[in-house]
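Written out below as structure tokens is the structure these notes cover.
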Amino acid sequence: LAVVTAVIAMYAKASCVDEAWVSFVKLSERDVVSWSAIISAFLYNGQAKDAIQLFEEMQKEGIKTDKITFVSILDACADDVALAEGRRMHDHIMINAFETDLVVGTALLNMYGRCGMLEDARRVFKDISGRDVVAWTVIVAAHAQQGHAKEAQRLLDQMREEGMAPNEVTFVSILNACSHSGLVDEGRQWFRLMKTTYGIVPVVDHYNCMIDLLARAGLMEEAEALVKEMPMTPT
RNA sequence: GGAGAACU
């Protein structure tokens, strides 16, 4: 069982969902871990809806959900912006007293953030113990996604006060959030702030986000200008 | 043996 589960995980990382699925159905016995592995396999390939369905099947089989499964399924809900399902998970998580766990809490936070539920996201964030850069990034990006740049900056200040610094991924997340919400001005502002007040040297991912943001808004000339001023070769 | 943020 353990070895097949490892094989499923390997297929997942190689984006071979079909192969992973074949291995999974061949199993005579399935525990939480093998179910989690196949759920992650679907998630990894952007099939969040299927992942959620698999989770429901798992529950029908009477398999008890653990911390890690919760994280995966919350991730699926975040990807799918499945708020109702996510809230149901939150209830289960509270019953199991996993709410303050860093990773579970961050996944919850991310789900609420992606669904635009800032109040819920803030409440979860407050209760997470030992918040790290990832948790901070998620809460900041959630605010950026809703266009609350000022509040997001306040959070970054607060983050600094607690002795933590945003990293490259923090700003990729913010820029990406702006891009998905069509916040062109905000995005341009964040790109500038990132370089000036936060001292982050933009890498290719940041440029990609900005180019994506501008292109989505139909600002092709500006996007092309940015490509030209990129210090690295575009991919 | 399966887990949390971004691009892809």
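Residue numbering restarts at 1 for every chain, and letters A, B, ... go by the order of the sequence lines. No hydrogens, no waters, no symmetry mates; every other heavy atom, side chains included, goes into these values.
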* When all nucleic acid strands are considered with a 4.0 Å heavy-atom cut-off, which category describes A:D132: base, sugar-phosphate, or nothing? -> base

* Do A:W35 and A:F24 make the cut of ring centroids closer than 6.0 angstrom? -> yes

* Would you classify A:A9 as touching base, sugar-phosphate or nothing, given that sugar-phosphate means primed atoms plus P, OP1 and OP2, and contacts are heavy atoms under 4.0 Å? => sugar-phosphate

* Tell me what A:L1 touches on the nucleic acid: a base, only sugar-phosphate, or nothing, going by heavy atoms under 4.0 Å. => base

* Heavy atoms of chain A, cut-off under 4.0 Å: which first and last nucleotide of RNA chain B, 5' to 3', fall inside that, if you could look? => B:G1 to B:C7

* To do: Using a 4.0 Å heavy-atom cut-off across all strands, classify A:V7 as base, sugar-phosphate, or nothing.
  => nothing

* So what does A:S36 touch, heavy atoms closer than 4.0 Å: a base, only the sugar-phosphate, or nothing? -> base

* Asked: With a non-hydrogen cut-off below 4.0 angstrom, is A:L108 in contact with a base, only sugar-phosphate, or nothing?
  -> nothing

* Who passes side-chain contact (heavy atoms from CB on, under 4.5 Å) against A:D212, sequence neighbours left out? -> A:S179, A:R216

* Would you please indicate yes or no on a ring centroid separation below 6.0 angstrom for A:W136 and A:F125? => yes

What pairs of donor and acceptor atoms, side-chain ones from residues 139-157 of chain A against any protein atom, are under 3.5 angstrom apart with sequence neighbours left out?
from	atom 1	to	atom 2	distance (Å)
A:H143	ND1	A:I139	O	2.8
A:H143	NE2	A:R122	NH1	2.7
A:E151	OE1	A:R154	NH1	2.4

* Base, sugar-phosphate, or nothing: which does A:A6 touch, judged by heavy atoms less than 4.0 Å apart? -> sugar-phosphate

* Do A:V103 and A:I95 belong together in a cluster built from hydrophobic side chains that touch within less than 4.5 Å? -> no

* Are the ring centres of A:F98 and A:H92 closer than 6.0 Å? -> no

* Answer with base, sugar-phosphate or nothing: what part of the nucleic acid does A:V138 contact at a heavy-atom distance below 4.0 Å? => sugar-phosphate

* **Sugar-phosphate, base or nothing in reach of A:R131, heavy atoms under 4.0 Å** => nothing

